Amino acid sequence: MTERVERILLPVRDYGLDATLTSGQAFRWRQRGAGWEGVVGGRWVYLESSAAGIHAAANATGGDHGWDWLVHYLQANVILDDILHTFPDDRPLGESVAACRGLRLLRQDPWECLASFICSSTKQIVQIQQIIELLCQRYGQPLVTPTARSPEFSFPSPARIASLSEADLRLCKMGFRAPYLREAAQAIDTGRLDLEHLRTLPCPVARAALMELPGVGEKIANCVLLFAYGFPEAFPVDVWIMRALRKLYFPKRKPTPNRLRRFVETYFGPNAGYAQQYLFHFMRTRRDVI
DNA sequence: AACCAGGACACAA
DNA sequence: TTGTGTCATGGT
């Protein structure tokens, strides 16, 4: 089939593309040449940053709303300084911001984000990437890509995954998470959970709704609230963040879950989720410092 | 080669 | 409420 690649320059400042795409919030970006190749909203995309901004290449779609979908995904219209100014002024956060210049939060598709993080529990990021890639290769739909390029696949829909057996899913190396993913897909496919409706709800209500799903606890729910719905106060606490918080802010003895919740939602301010992402990426890339 | 990974859950005390 | 075992897989 024929395809035509369109290109654009998004003139965005303070955008750390590498940090953003490798900070464990999205799992389908692969380094290719000087940039990154991935799939957004069912389209193949190539991104490369330069001093002028982000160069993007994607298939022509028929000119509906131009590149709005990509600007929205990248959150390229967000004024990063406005976010950073709301952070508390302490040393670990200051070092994290300095080391992770331009780190952003993406605005992902809720289903892909939810499914990805259901597969994430006690897995390293590289393994999560492998699981997601297997899932897409096996059960996604082939996408139009530039010629002479390896085939890309869409992220399988809730209906598609709901139609699979647990054994089918285990072929993607997701182990005990397979029944969780299957049941979540069924809940959404049958309409028992409406992911679009969650956008309109207050953050705590949306969190409670997500946690109704098997295999979705507070941490995974917060990842979806932050990375897909854009609730900037959602604060996922994984093992890395827990280690950082205990060492930096609770050196005496470890806080109870309730104490920890109250701390992160008061201390880090209205954009606690952004602060969390900076601490997380800093911890994982400069392990020696903290 | 042990140890651990962007956890959740059932169950014990 | 807080602690422990279990689940599956493979990277480091």
Side-chain angles (χ1 to χ4, degrees), chain A residues 19-30 96 100 103-106 108 110 112-135 138 164-185 187 193 207-229 231 233-248 250 253-262 264 268 272-288 290:
Chain A
T20 299
L21 299 184
T22 61
S23 63
Q25 47 180 322
F27 304 102
R28 296 201 64 192
W29 291 99
R30 294 178 309 187
S96 299
C100 310
L103 174 60
R104 306 287 187 122
L105 290 179
L106 301 168
Q108 302 178 57
E112 176 171 343
C113 186
L114 171 63
S116 297
F117 278 97
I118 284 176
C119 298
S120 77
S121 60
T122 53
K123 280 291 184 188
Q124 299 179 164
I125 289 177
V126 283
Q127 289 181 271
I128 302 169
Q129 291 169 337
Q130 292 168 2
I131 292 170
I132 301 304
E133 185 171 1
L134 284 171
L135 196 61
R138 283 182 167 276
L164 301 172
S165 70
E166 180 179 331
D168 292 333
L169 292 173
R170 280 179 185 262
L171 292 176
C172 302
K173 307 298 182 185
M174 65 181 72
F176 62 83
R177 304 153 194 86
Y180 293 155
L181 180 60
R182 183 173 140 77
E183 288 187 43
L193 177 64
R207 178 183 295 117
L210 288 169
M211 290 175 64
E212 291 292 312
L213 296 170
V216 180
E218 191 172 356
K219 190 270 173 182
I220 290 177
N222 279 330
C223 286
V224 178
L225 293 171
L226 184 63
F227 301 141
Y229 292 108
F231 288 104
E233 69 268 41
F235 195 104
V237 178
D238 75 318
V239 292
W240 291 91
I241 288 293
M242 181 60 87
R243 272 202 292 267
L245 292 178
R246 289 185 58 175
K247 183 175 288 187
L248 298 171
F250 298 90
R253 62 181 186 277
K254 81 169 188 178
T256 67
N258 278 326
R259 187 82 181 85
L260 192 69
R261 255 193 300 276
R262 278 194 293 118
V264 299
F268 290 106
Y274 274 88
Q276 173 277 150
Q277 197 65 11
Y278 276 89
L279 288 172
F280 177 77
H281 193 58
F282 184 56
M283 287 290 292
R284 288 192 2 101
T285 52
R286 305 282 183 90
R287 187 177 327 187
D288 48 314
I290 295 186

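None of these values were measured; they are calculated from a predicted model. No hydrogens, no waters, no symmetry mates; every other heavy atom, side chains included, goes into these values. So that the names make sense, note that chain A is the first sequence line, chain B the second, and so on, each numbered from 1.
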- request: Please measure how far the P atom in B/dG6 lies from the corresponding atom in C/dT6, and state the result in whole Å.
  value: 23 Å
message: Restricting to side chain to side chain contact (heavy atoms under 4.5 Å, CB included), what partner residues turn up for A/V216, sequence neighbours left out?
response: A/L114, A/I118, A/L210, A/L213, A/I220, A/A221
message: Does A/R259, at its CZ atom, have more than 12 non-hydrogen atoms belonging to other residues, nucleotides or ligands within less than 6.0 Å?
response: no
- prompt: Looking across every strand, which nucleic acid part, if any, lies under 4.0 Å from A/T122 by heavy atom: base, sugar-phosphate, or nothing?
  reply: base
- request: For A/S116, answer base if it contacts any base atom (sugar-phosphate contacts may also be present), sugar-phosphate if it contacts only those atoms, and nothing otherwise; contact means non-hydrogen atoms under 4.0 Å.
  value: nothing
statement: Result for 5'-nearest mapping on DNA chain C, choosing between A/F176 and A/Q124, is A/F176
- prompt: Quick one: salt bridge (charged side-chain N to carboxylate O under 4.0 Å, His left out) partners of A/R138, sequence neighbours excluded?
  reply: none
- request: Please work out which residues in residues 212-219 of chain A have a non-hydrogen atom less than 4.0 Å from an atom of DNA chain B and list them by number.
  value: A/L213, A/P214, A/G215, A/V216, A/G217, A/E218, A/K219
message: Using heavy-atom distances to pick each residue's nearest nucleotide on DNA chain B, tell me which of A/G24 and A/Y180 is more 5'.
response: A/G24
message: Under 4.0 Å, counting only non-hydrogen atoms across every strand here, what does A/I241 touch: a base, just sugar-phosphate, or nothing?
response: base
- prompt: Excluding sequence neighbours, so at least two apart, what forms side chain to side chain contact (heavy atoms under 4.5 Å, CB included) with A/V126?
  reply: A/Q124, A/Q129
query: When you measure from every atom of DNA chain B, which of residues 164-174 of chain A have a heavy atom less than 4.0 Å away?
result: none
message: Taking any atom closer than 4.0 angstrom to a non-hydrogen atom of chain A, what span of DNA chain B does the protein reach, first nucleotide to last?
response: B/dA5 to B/dC9
field: Terminal contacting nucleotides, 5' and 3', DNA chain C versus chain A (heavy atom, 4.0 Å)
entry: C/dT2 to C/dG11
- prompt: Do the side chains of A/Q276 and A/V264 get nearer than 4.5 Å, heavy atoms only?
  reply: no
- line: The side chain to side chain contact (heavy atoms under 4.5 Å, CB included) partners of A/A26 (sequence neighbours excluded) come to A/W29, A/Y73, A/L106, A/Q108
- prompt: Could you state the interatomic distance from CD (A/Q130) to CD (A/Q127), rounded to the nearest 0.5 Å?
  reply: 6.5 Å
task: Quick one: label A/F27 by what it contacts on the DNA or RNA (base, sugar-phosphate, nothing), any heavy atom closer than 4.0 Å.
output: nothing
task: May I have the step-by-step check of side chain to side chain contact (heavy atoms under 4.5 Å, CB included) for A/Q277 and A/H281, ending in yes or no?
output: CA-CA 6 Å; A/Q277 197 65 11; A/H281 193 58; 5.6 Å; no
Mind listing the side-chain donor-acceptor pairs of residues 170-184 of chain A below 3.5 Å, one per line with the distance, residues two or more places apart or on another chain?
| residue | atom | partner | partner atom | Å |
| --- | --- | --- | --- | --- |
| A/R170 | NE | A/E166 | OE2 | 3.0 |
| A/R170 | NH2 | A/E166 | OE2 | 3.0 |
| A/R177 | NE | A/S121 | O | 2.9 |
| A/R177 | NE | A/S121 | OG | 3.3 |
| A/R177 | NH1 | A/M174 | O | 2.9 |
| A/R177 | NH2 | A/S121 | O | 2.8 |
| A/R177 | NH2 | A/T122 | OG1 | 3.3 |
| A/R182 | NH1 | A/A162 | O | 3.3 |
| A/R182 | NH1 | A/L164 | O | 2.4 |

query: Quick one: side chain to side chain donor-acceptor pair (under 3.5 Å) pairs with a partner in residues 212-225 of chain A, sequence neighbours left out?
result: A/R207-A/N222, A/E218-A/R261
query: Which part of the nucleic acid does A/Q277 contact within heavy-atom distance under 4.0 Å: base, sugar-phosphate only, or nothing?
result: base
task: Could you work out the separation of C/dG5 and B/dC4 based on their P atoms and round it to a whole Å?
output: 15 Å
task: Among residues two or more places apart or on two chains, list those pairs meeting ring pair (Phe, Tyr, Trp, His ring centres under 6.0 Å) that have a residue in residues 112-134 of chain A.
output: A/F27-A/F117, A/F117-A/F227
statement: Residue set satisfying ring-ring contact (aromatic ring centres under 6.0 Å, His included) with A/F268, at least two apart, ordered chain then number -> A/F235, A/Y249, A/F263
message: Just so I know, are the side chains of A/D168 and A/S165 near enough to count as touching, which here means a heavy-atom distance under 4.5 Å?
response: yes
field: Check: A/L260 and A/F250 side chains under 4.5 Å, non-hydrogen atoms
entry: yes
